[in-house]
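Please read the structure below before turning to the comments.
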Amino acid sequence: MHRFFCPHADLKKSEVSLNDPHEIHHLKNVLRLKINDPIRLFNNRGDEMTGTIFAIAPQKVQVHRDTLLPPLLQRNPLIILGCAIPKKSKFEFIVEKCTELGADEIFPLKTQRTEISVKGEHSERKKNRYLTVAVNAAKQSGRRFIPVIHPVADFPDFLNHKLTREDLGLIACLSGERSNFSEVLSRGKSKGLKRIIFLIGPEGDFTPQEVRLAQDSGFLAI
């Protein structure tokens with residue numbers, strides 16, 4: 001059964017409207033769904049329903065709710081990824097797979113060895129494109145929560161988001177003294193963590209200066 005994203009919909013109502021132009025286009029023109037066809041709707045708040053289409057208009061598709069599925073709560077700890085932007089369209093693939101795996105927030109990062117420049121309007125277009133990829137990945141994989149896609153950030157600016165005592169910050173790197181990832185994660189699980197923040201570097205790895213900067217901010221090298 002095809003799933004559609006309705007972020008502002010109250011799925012507890014008996015009738016729900018699908019208003020997003022992209023979702024309506026996909027329903028009508030790509031999937032060619034008709035009145036009486038069954039679909040699923042989810043709203044990014046943990047709610048999901050099965051329903052039946054009963055009206056199709058140019059700017060609205062109306063759905064009768066058949067079944068409201070048991071709600072899901074946002075889990076703890078939150079999984080946050082800060083990842084250097086690779087060349088070409090590889091970051092879209094990263095967003096897609098990390099959405100499927102359950103990431104809650106994704107920060108595209110500009111590091112010293114990042115080889116592309118993303119600024120101004122181009123940065124905003126990239127963010128919107130990444131969000132579209134995340135929505136599509138959630139629809140396909142059955143996720144009810146869309147990860148937050150943040151604007152492109154310079155690596156030092158990202159580190160200004162201070163870690164708290166309820167966070168575990170990890171930076172993956174290829175040199176220097178590093179901790180074993182599994183052991184660090186096992187120790188962290190016993191501390192009631194609210195966030196686990198992973199930093200993934202570019203081709204060629206983080207520079208030694210960036211690793212030290214992250215460690216000074218409380219991140220553990222792994």
Side-chain angles (χ1 to χ4, degrees), residues 74-120 122-127 129-131 133-134 137-138 141 143 145-222:
Q74 191 74 285
R75 67 164 196 285
N76 281 322
L78 298 178
I79 304 299
I80 299 171
L81 173 68
C83 183
I85 305 172
K87 292 178 288 187
K88 300 182 179 179
S89 298
K90 294 178 183 177
F91 199 77
E92 293 184 10
F93 180 77
I94 291 171
V95 170
E96 177 186 1
K97 295 309 170 187
C98 287
T99 298
E100 294 172 355
L101 289 168
D104 297 291
E105 298 183 43
I106 299 174
F107 286 82
L109 298 180
K110 175 76 167 64
T111 66
Q112 291 183 35
R113 290 173 175 162
T114 300
E115 296 187 9
I116 67 169
S117 178
V118 182
K119 297 180 180 179
H122 184 51
S123 176
E124 188 63 25
R125 288 198 302 272
K126 281 288 188 183
K127 176 188 171 183
R129 173 58 188 160
Y130 298 151
L131 180 59
V133 171
S141 64
R143 275 197 69 178
F145 294 98
I146 308 298
V148 178
I149 309 295
H150 293 273
V152 177
D154 287 329
F155 186 67
D157 293 336
F158 172 84
L159 293 177
N160 287 333
H161 296 79
K162 301 297 183 182
L163 296 179
T164 72
R165 297 172 68 179
E166 297 173 315
D167 296 336
L168 175 62
L170 304 172
I171 178 169
C173 53
L174 299 174
S175 61
E177 185 175 346
R178 291 158 290 167
S179 300
N180 179 277
F181 169 66
S182 297
E183 293 176 0
V184 169
L185 202 58
S186 295
R187 293 198 303 269
K189 286 180 178 179
S190 65
K191 296 181 179 180
L193 297 173
K194 289 190 174 180
R195 301 191 303 171
I196 300 177
I197 305 169
F198 292 94
L199 298 180
I200 307 296
E203 294 94 335
D205 200 14
F206 291 110
T207 65
Q209 295 89 341
E210 288 173 327
V211 174
R212 286 196 297 270
L213 188 61
Q215 290 175 315
D216 290 344
S217 297
F219 284 80
L220 297 175
I222 56 170

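These numbers come from the heavy atoms of this one structure, side chains and all, not from hydrogens, waters or symmetry mates.
- Residues L168 and P77 fail the side-chain proximity criterion, which asks for heavy atoms closer than 4.5 Å.
- Note that CD1 of I80 is 7.5 Å distant from CZ of F158, once rounded to the nearest 0.5 Å.
- A centroid separation of less than 6.0 Å is found between the aromatic rings of H161 and F107.
- Listed for the N180 side chain is a donor-acceptor partner under 3.5 Å among the backbone atoms of S182.
- The two residues H150 and P108 have their closest heavy-atom pair at O-CD, 3.1 Å.
- P147 pairs with exactly one of T99, L81, V95, L131 by the side-chain contact (heavy atoms from CB on, under 4.5 Å) rule, that one being T99.
- Within the model, atoms CG of L193 and CG of N76 stand 9.5 Å from one another, a figure rounded to the nearest 0.5 Å.
- Checking D154, L159, N160 one by one against P156, the side-chain contact (heavy atoms from CB on, under 4.5 Å) holds for a single residue, D154.
- Without hydrogens or angle criteria, R178 side chain to C173 main chain gives a donor-acceptor distance under 3.5 Å.
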Report, one line per pair, each donor and acceptor closer than 3.5 Å where one atom sits in a side chain of residues 215-222; sequence neighbours left out.
unit_1	atom_1	unit_2	atom_2	d
S217	OG	L213	O	3.1

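- Between the D104 side chain and the I79 main chain, a donor and an acceptor come within less than 3.5 Å of each other.
- Rounded to the nearest 0.5 Å, atoms OH (Y130) and CD (E92) are 6.5 Å apart.
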task = Check the pair I196, L185 against side-chain contact (heavy atoms from CB on, under 4.5 Å), reporting the backbone distance first and the verdict last.
result = CA-CA 9 Å; I196 300 177; L185 202 58; 3.8 Å; yes
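- By the neighbour-count criterion of 12 heavy atoms within 6.0 Å, atom CZ of R75 is densely surrounded, having more than that number from other residues, nucleotides or ligands.
- We find the CG-CD1 distance between D167 and I197 to be 4.5 Å, quoted to the nearest 0.5 Å.
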Distance-only check: which donor-acceptor pairs under 3.5 Å involve side-chain atoms of residues 198-208, not counting sequence neighbours?
unit_1	atom_1	unit_2	atom_2	d
D205	OD2	L174	N	2.8
T207	OG1	Q209	OE1	3.4
T207	OG1	E210	N	3.1
T207	OG1	E210	OE1	3.4

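- Counting all heavy atoms, side chain and backbone alike, L109 lies closest to G82 at CD1-C, 3.5 Å.
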